[in-house]
Amino acid sequence: DENLYRYNAFFARVNFNVLGKYLFNFTGRRDGSSRFGSDKRFANFGAIGAAWVFSDESLIKRNLPFLSYGKLRTSYGTSGNDQIGDYQYLDTYSTSSQNYAGISGMEPTGLYNADFGWETNRKLEVALETGFLNDCIFTTLAWYRNRSSNQLVGVPLAGTTGFSTLQANLDAEVQNSGLEFTIRALNIKQNDFTWSTSFNISIAKNKLLSFPGLEASTYKNQYVIGEPTNIIKVYRYKGLNQVSGAYTFEDVNGDGILSPADDKTTIKNLNPKYYGGLQ
């Protein structure tokens with residue numbers, strides 16, 4: 001077996017440093033991947049960033065002598081994703097496990113679709129970095145927002161087609177945003193002994209922003225616009241039946257039948273509220 005995968009990227013970066021306090025950078029790139037059809041193989045991406053080292057300002061140095069470092073930075077950029085495996089846009093065949101007249105044949109394993117292309121991510125970030133007492137205490141507070149579109153997924157197909165999925169771009173937009181905070185303290189620093197402590201915590205949120213045609217798609221019972229993508233729809237619990245002792249659930253549409261499509265309307269978010277660590 002042989003899998004052929006080619007990836008090309010051309011990129012350029014321009015940096016500006018003004019007085020060591022005002023920093024700017026611009027990045028542009030063009031990527032090409034053999035995992036897409038000839039018309040979708042190349043895409044352009046870029047980013048821009050800026051930072052201000054405000055601790056070097058004379059006013060800050062004069063009035064806040066305990067502040068040894070301070071930087072405010074922001075950036076916005078786009079990137080692409082081609083992590084879908086090879087030959088997904090082609091008709092593919094594999095050796096069949098079934099024999100006919102003692103001869104092993106071929107069977108189709110993938111459907112042709114040359115119209116899907118790069119998955120796109122757009123990221124915005126703003127952060128504040130501060131150091132105190134010669135950086136013995138250093139903190140970082142960052143806010144980010146990532147928006148992903150044209151997701152490369154296997155769109156479910158009816159079993160009568162002979163295939164379970166078709167590789168394509170999903171016309172939906174997902175947002176991941178959150179706050180991240182870190183603090184590092186250098187408690188003791190001697191020639192033969194050093195003790196430092198660091199703590200970090202992240203609060204992340206996930207949301208499905210848009211999904212055209214969601215109600216008519218195979219994902220209608222899995223996703224809800226405005227809710228996280230990692231959710232589960234469940235029945236609304238009403239208590240125990242006092243006679244039978246069985247669990248009872250609410251019949252939302254009032255048709256007298258509990259059905260997943262109509263009565264599983266209670267949404268549970270399975271994402272963690274926060275995570276972090278102490279070292």
Side-chain angles (χ1 to χ4, degrees), residues 1-13 27-47 75-100 102-124 144-176 204 206-214 216-223 228-231 270-271:
D1 292 334
E2 180 184 20
N3 278 25
L4 197 60
Y5 172 49
R6 291 191 175 99
Y7 191 104
N8 290 330
F10 300 90
F11 63 91
R13 176 180 296 167
T27 303
R29 60 183 297 149
R30 180 170 176 81
D31 292 55
S33 172
S34 63
R35 289 174 171 172
F36 303 117
S38 57
D39 294 337
K40 305 287 186 177
R41 190 153 289 176
F42 292 91
N44 300 317
F45 307 101
S75 62
Y76 178 81
T78 61
S79 62
N81 177 28
D82 73 335
Q83 300 303 300
I84 56 170
D86 301 314
Y87 313 123
Q88 297 293 316
Y89 68 95
L90 295 172
D91 279 326
T92 55
Y93 297 81
S94 297
T95 304
S96 175
S97 59
Q98 305 297 323
N99 293 335
Y100 178 76
I103 300 175
S104 179
M106 305 290 289
E107 61 182 6
T109 54
L111 281 176
Y112 171 83
N113 180 14
D115 292 330
F116 68 85
W118 288 84
E119 179 178 314
T120 304
N121 299 291
R122 305 186 305 279
K123 181 175 182 178
L124 172 65
Y144 67 90
R145 188 196 68 192
N146 300 340
R147 288 182 174 176
S148 177
S149 57
N150 293 328
Q151 286 87 6
L152 291 167
V153 298
V155 178
L157 294 178
T160 52
T161 64
F163 297 88
S164 58
T165 60
L166 172 67
Q167 190 69 49
N169 289 108
L170 190 63
D171 189 17
E173 187 172 29
V174 177
Q175 174 177 289
N176 291 285
N206 170 265
K207 182 189 297 185
L208 177 63
L209 295 182
S210 64
F211 194 141
L214 175 60
S217 73
T218 55
Y219 294 104
K220 66 178 182 179
N221 293 324
Q222 185 175 354
Y223 299 126
T229 56
N230 189 22
I231 60 172
L270 303 181
N271 292 320

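Only this structure's heavy atoms are used, side chains among them; waters, hydrogens and symmetry mates stay out. In this text the structure is predicted, and so the values were computed from the model without any measurement.
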Distance-only polar pair, side chains of Asn271 and Asn230, donor-acceptor under 3.5 Å |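 Yes, a side-chain donor-acceptor pair sits under 3.5 Å.
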
Just by distance, with hydrogens left out, do Thr109 and Thr92 show a side-chain donor and acceptor under 3.5 Å apart?
->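 Their side chains do contain a donor-acceptor pair, which is all the 3.5 Å distance test asks for.
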
Side chains of [X] and [Y], heavy atoms from C-beta outward: is any pair under 4.5 Å?
{"X": "Glu119", "Y": "Asn121", "result": "yes"}
{"X": "Phe45", "Y": "Thr27", "result": "no"}
{"X": "Phe211", "Y": "Asp171", "result": "no"}
{"X": "Ser217", "Y": "Tyr223", "result": "no"}
{"X": "Leu157", "Y": "Leu111", "result": "yes"}
{"X": "Asp115", "Y": "Tyr89", "result": "no"}
{"X": "Ser75", "Y": "Lys123", "result": "no"}
{"X": "Thr78", "Y": "Arg122", "result": "yes"}

Is it the case that the side chain of [X] and the backbone of [Y] share a donor-acceptor pair, with hydrogens and angles ignored and the cut-off at 3.5 Å?
{"X": "Gln175", "Y": "Asn146", "answer": "no"}
{"X": "Ser34", "Y": "Arg6", "answer": "yes"}
{"X": "Asn169", "Y": "Gly117", "answer": "yes"}
{"X": "Tyr93", "Y": "Gly110", "answer": "no"}

Locate the shortest heavy-atom distance separating Gln167 from Gln88; write the atom from each residue and the value.
->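 Nearest heavy atoms, Gln167 then Gln88: OE1-OE1, 3.5 Å.
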
Thinking salt bridges, do Asp86 and Arg35 make one under a 4.0 Å N-O criterion?
->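 Judged by the 4.0 Å cut-off on N to carboxylate O distance, Asp86 and Arg35 do form a salt bridge.
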
Centroid-centroid under 6.0 Å between Trp118 and Phe42 rings =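 Trp118 vs Phe42: aromatic centres not under 6.0 Å.
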
Is it the case that atom [atom1] in [X] sees more than 12 heavy atoms from other parts of the structure closer than 6.0 Å?
{"X": "Asp39", "atom1": "CG", "result": "no"}
{"X": "Tyr112", "atom1": "OH", "result": "no"}
{"X": "Tyr100", "atom1": "OH", "result": "no"}

Any chance you could lay out the side chain to side chain contact (heavy atoms under 4.5 Å, CB included) test for Tyr219 and Val153, step after step, and finish with the verdict?
-> CA-CA 12 Å; Tyr219 294 104; Val153 298; 4.2 Å; yes

List the steps and the verdict of side chain to side chain contact (heavy atoms under 4.5 Å, CB included) for Arg30 and Phe11.
-> CA-CA 6 Å; Arg30 180 170 176 81; Phe11 63 91; over 6 Å; no

Taking only residues two or more places apart in sequence, or in another chain, which ones meet Arg29 in a salt bridge (Lys or Arg N to Asp or Glu O under 4.0 Å)?
->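 For Arg29 the salt bridge (Lys or Arg N to Asp or Glu O under 4.0 Å) partners, ignoring immediate neighbours, are Asp31.
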
For side chain to side chain donor-acceptor pair (under 3.5 Å), just list the numbers for Arg145 and Tyr76, CA-CA rounded to whole Å, side-chain angles, deciding distance to a tenth of an Å, and then say yes or no.
-> CA-CA 10 Å; Arg145 188 196 68 192; Tyr76 178 81; 5.7 Å; no

Give every residue pair that meets the salt bridge (charged side-chain N to carboxylate O under 4.0 Å, His left out) criterion with at least one member in residues 146-160, sequence neighbours excluded.
->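 Qualifying pairs: none.
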
